[in-house]
Number of protein chains: 2
Amino acid sequence: MGKSERTRERLAETALELFERQGFEQTTVGQIAAAAGVTEMTFFRHFPAKHQVLFEDPYDALIADAVAAQPGGSAPLRRAAGGLRQAWSRVPEPDGDVVRRRVRIVAGTPSLRGEMWRNNSETERLVAEQLVRDGARPLPAKAAAAAVLAAVTAALLEWSVGEDAPLGDAVLTALETVEGGGNE
Amino acid sequence: MGKSERTRERLAETALELFERQGFEQTTVGQIAAAAGVTEMTFFRHFPAKHQVLFEDPYDALIADAVAAQPGGSAPLRRAAGGLRQAWSRVPEPDGDVVRRRVRIVAGTPSLRGEMWRNNSETERLVAEQLVRDGARPLPAKAAAAAVLAAVTAALLEWSVGEDAPLGDAVLTALETVEGGGNE
DNA sequence: CCGAAAATGTTAGTGTCTAACATAAGGTCT
DNA sequence: AGACCTTATGTTAGACACTAACATTTTCGG
């Protein structure tokens with residue numbers, strides 16, 4: 001394990017603690033760096049922006065693949081939802097509660113919610129692309145991708161502030177809401 | 001018409017032109033202010049942030065009301081979609097092409113897409129609240145609200161970059177995609 | 001025309017983030 | 001172990017978005 005990874009780890013953990021204690025906006029990058037024993041510049045060498053300490057998800061490719069693996073012929077929304085469901089079943093329940101702590105910060109900070117969405121938009125693009133490749137028109141493809149990802153994101157945010165219901169349940173409920181939404 | 005409104009108008013128009021010509025990120029607030037014949041400070045007196053020159057929508061309340069007016073008893077997603085459809089029918093087709101020009105900028109600037117989402121989150125909250133008031137559980141309510149608004153937003157973005165199909169068509173297509181998504 | 005209120009200007013500062021260059025720390029090979 | 005190269009970190013300087021406090025001008029009703 002290189003020195004770089006250790007520093008990165010230390011910065012991420014230190015930042016999370018400070019955010020929890022005094023809020024995201026009230027915490028300066030200088031404080032994080034000092035508390036981790038490095039300089040401000042070093043922080044930006046490891047994370048391109050302050051908020052990026054909270055966003056490290058390699059799920060994008062996984063989701064796009066799962067969408068591609070969905071059976072063709074059904075409606076875009078159904079394919080997208082099915083893909084998300086399958087991708088979800090392959091990912092282990094989040095490791096520790098680090099994910100929850102991070103999302104909790106995001107949920108409580110408006111500017112970070114915006115960042116989360118921006119983060120999602122790459123995934124959204126990949127999913128929509130897959131749907132188009134499978135015969136959907138561009139607009140329905142994008143609408144379906146956006147809707148499904150928004151629902152899952154909503155589930156994630158809701159889960160983070162709740163007590164300790166499993167994340168899997170929240171995600172499934174959200175998917176059922178969009179997918180089976182037409183009939184009661 | 002007070003002087004304040006005239007200055008605000010001038011700033012918004014000047015900003016839009018500069019954004020179109022050289023991009024949002026490449027345009028500084030100082031440039032906008034100078035081109036409009038005022039100071040940087042004056043800009044921030046009229047708009048709390050640089051990106052806010054592009055976001056002036058008073059639709060929130062309208063949408064929430066329309067959702068509230070939906071017939072009870074059906075699924076959250078259907079109520080939300082119906083509300084959006086109804087709200088849409090009450091709003092006149094966008095005035096000039098100023099809306100399109102603005103959204104086009106947003107569509108082409110990742111950080112602004114994030115801001116757009118953050119802007120939507122208030123509307124999302126109101127819609128979800130209405131759904132809960134009408135008997136839905138919190139999570140399905142939030143998922144439905146997020147999904148429907150995300151779909152409409154996707155339609156808006158797609159419309160802005162397209163040639164000149166009517167915005168109404170795009171919105172209806174997006175709503176049909178989420179609402180009738182279960183069956184093909 | 002006068003005076004209060006609103007609009008704008010000035011100055012100074014904080015915080016995020018970038019770029020260029022300088023130093024230190026790590027490991028490799030002989 | 002010691003020279004050597006790579007990688008991690010430090011330093012300095014600066015652009016830009018935004019805020020706060022105070023000064024100045026402009027507008028407008030009486």
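Below, chain A is the first sequence line, B the second, and so on; all start at residue 1. Reckoned from all heavy atoms, side chains included, excluding hydrogens, waters and symmetry mates.
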Open item on the list: Tell me if the CD atom of B:Glu13 is crowded by more than 12 foreign heavy atoms within 6.0 Å.
Closed with: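 More than 12 heavy atoms, drawn from other residues, nucleotides or ligands, come within 6.0 Å of this atom.
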Open item on the list: Let's see if you get this right: which residues in residues 23-30 of chain B place a heavy atom under 4.0 Å from DNA chain C?
Closed with: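 Of all residues in residues 23-30 of chain B, none places a heavy atom under 4.0 Å from DNA chain C.
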- [ ] With a 4.0 Å heavy-atom cut-off, tell me which residues in residues 105-112 of chain B come close to DNA chain C, sorted by residue number.
- [x]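 Contacting residues: none.
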Does [X] have any salt bridge (charged side-chain N to carboxylate O under 4.0 Å, His left out) partners at least two apart in sequence or in another chain, and if so, which?
X: A:Asp134; answer: A:Arg79
X: B:Glu122; answer: B:Arg125
X: B:Glu158; answer: A:Lys142
X: A:Arg113; answer: none

TODO: Looking only at non-hydrogen atoms, find the nearest pair between B:Ser111 and B:Glu25 and report the distance.
DONE: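 Residues B:Ser111 and B:Glu25, closest heavy atoms: OG-OE2, 3.6 Å.
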Open item on the list: Taking transitive links into account, so neighbours of neighbours count too, which hydrophobic residues share a cluster with B:Trp117 at under 4.5 Å side-chain distance?
Closed with: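 Via sub-4.5 Å side-chain contacts, B:Trp117 links to A:Trp117.
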Task: Contact letters for nucleotides 4-9 of chain C, in which S counts primed atoms plus P, OP1 and OP2 and B counts the base, heavy atoms under 4.0 Å - done: ---SBB
Task: Length of the line joining B:Lys50:NZ and C:dT16:C1', which is rounded to integer Å - done: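 From B:Lys50 NZ to C:dT16 C1': 14 Å.
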Open item on the list: Would a single hydrophobic cluster contain both A:Val171 and A:Leu149, if residues Ile, Leu, Val, Met, Phe, Trp and Tyr are joined by side-chain heavy-atom contacts under 4.5 Å?
Closed with: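 Per the 4.5 Å side-chain linkage, A:Leu149 and A:Val171 are co-clustered.
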TODO: Taking heavy atoms of chain A and a 4.0 Å limit, find me the 5'-most and 3'-most nucleotide of DNA chain D within that range.
DONE: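 The footprint of chain A covers D:dA8 to D:dT12.
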Open item on the list: Quick test of your reading: applying side-chain hydrogen bond (donor to acceptor under 3.5 Å, both in side chains), list the pairs with at least one residue in residues 144-156 of chain B, sequence neighbours left out, ordered by first then second residue.
Closed with: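 Output for this query lists B:Asn120-B:Thr153.
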TODO: Just grab all the side-chain hydrogen bond (donor to acceptor under 3.5 Å, both in side chains) pairs involving residues 32-52 of chain A, residues at least two apart or on different chains.
DONE: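 As it turns out, the side-chain hydrogen bond (donor to acceptor under 3.5 Å, both in side chains) pairs with a partner in residues 32-52 of chain A, which skip direct neighbours, are A:His51-A:Glu115.
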- [ ] Would you please name every residue forming a side chain to side chain donor-acceptor pair (under 3.5 Å) with A:Arg101, sequence neighbours left out?
- [x]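 With sequence neighbours excluded, A:Arg101 shows a side chain to side chain donor-acceptor pair (under 3.5 Å) to A:Glu20, given in chain and number order.
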